[in-house]
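To start, the structure itself, in structure tokens.
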Number of protein chains: 2
Amino acid sequence: MAQISEIDNLDRKILSMLMQDATRAYTDIAKELQVSGGTVHVRMKKLEDLGVIKGSHLFINPNAVGYDICAFIGIYLEKGSAYQTAVTKMRQVPEIVEMHYTTGQWSMFAKIICRDTLHLREVLNEKIQAIEGVERTETFISLEESITRQVSIL
Amino acid sequence: MAQISEIDNLDRKILSMLMQDATRAYTDIAKELQVSGGTVHVRMKKLEDLGVIKGSHLFINPNAVGYDICAFIGIYLEKGSAYQTAVTKMRQVPEIVEMHYTTGQWSMFAKIICRDTLHLREVLNEKIQAIEGVERTETFISLEESITRQVSIL
DNA sequence: GTTGAAAAGTGCTGCGA
DNA sequence: TCGCAGCACTTTTCAAC
């Protein structure tokens, strides 16, 4: 794992800019940070080699492709040992976009994206609750996503 | 808002590929989908104009920059009307990476990223619970993030 | 709407400081 | 280790289909 000491302020600034807009040109970043384009390139290569960079993703508006509902699901498992097989099954449910193994009342915690309430019920009843080891679920629907961003590294 | 009918299969395929890797060259995508580079460009321009594309982000490994803890916070507000001002204050807490207004037991639901347990306690006690209108919080620590992906649009 | 090619801009590499 | 300059590649545009 990369050590924090290997990442200096310039690295952090470059990363921050690309975390907001991954397609921004290196030359443009170089201009703003008053270094050469080559330097930005060398730093990015270093950060990639260190495994700091996981990848880049294009973000779309889920509404535009017909996904209106975002919900969180707390999942109770019958026994903790069911976790590994449950995760494998959950991976096959495309509506699940995030899944965590958590402390607290639930064993697992998922974020799902659905087209409408009908679709949500279908995913809950026929997909998630049908998975072996899942005892019971609790659903929280997001009425508004007021903040979405990445961790600040500056 | 863009209509689903305006987005065809080719658009969806292009988006899917870029959602996995935003820096992939259009020419490369064009080759795989057996169309010309110009077509990919035209489609992407259309999708941008329609507002389907929200942006692109570089993803980093939070561990590599010293962030080890991911937690979910359920927030009880004294009264619903405190929501708007609370959101404004929450926006100023950089550790909060996601915030939702939800149905169910809590008024708000947040995802936060912290360096360690000390940092988590600091964010909870001194930042989130200090916000006017926040009555009480419940914390769930993610021990493992087993799934992270975007909604499938194919 | 799509194509293919030309023009402009960007990423990459090696050399020099 | 950093910056500069040349080359290869990509993006972008546009006329023609």
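Labels below follow one simple rule: chain letters A, B, ... track the order of the sequence lines, proteins then strands, and each chain is numbered from 1.
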N/O (side chain, [X]) to phosphate O (OP1/OP2, [N]) under 4.0 Å:
X: B:T39; N: C:dT3; answer: yes
X: B:R43; N: C:dT2; answer: yes
X: B:H41; N: D:dT12; answer: yes

Rounded interatomic separation in angstrom, taking [atom1] from [X] and [atom2] from [N]:
X: B:K31; N: D:dT11; atom1: NZ; atom2: P; answer: 11 Å
X: A:D8; N: D:dT1; atom1: CG; atom2: C1'; answer: 12 Å
X: B:I14; N: D:dT11; atom1: CD1; atom2: P; answer: 12 Å
X: A:D28; N: D:dT11; atom1: CG; atom2: P; answer: 16 Å
X: A:Y26; N: D:dT11; atom1: OH; atom2: P; answer: 14 Å
X: B:R24; N: D:dC9; atom1: CZ; atom2: C1'; answer: 16 Å
X: B:D49; N: C:dG1; atom1: CG; atom2: P; answer: 12 Å
X: B:M44; N: D:dT13; atom1: CE; atom2: P; answer: 14 Å

Taking B:E6's backbone N and O only, do any of them form a donor-acceptor pair with B:K46's side chain (distance below 3.5 Å, no angle check)? yes

B:R136 side chain to B:E78 main-chain N or O, any donor-acceptor pair under 3.5 Å? no

Under 4.0 Å between any heavy atoms, over every strand shown, what does A:V42 touch: base, sugar-phosphate, or nothing? Just pick one. nothing

Would you compute the distance between atom CD of A:E138 and atom CD of A:Q105 and round it to the nearest 0.5 angstrom? 5.5 Å

Of the candidate nucleotides [options], which contains the atom at the shortest distance from the side chain of [X]?
X: A:T27; options: C:dT10, C:dT3, C:dT2; answer: C:dT10
X: B:S36; options: C:dG4, C:dT10, D:dT10; answer: C:dG4
X: B:V35; options: D:dT10, C:dC12, C:dT3; answer: C:dT3

Determine, for B:K111 against A:E98, whether the closest basic-nitrogen to carboxylate-oxygen distance falls under 4.0 angstrom. yes

Would you say the ring centroid of A:H100 lies under 6.0 angstrom from that of B:F140? no

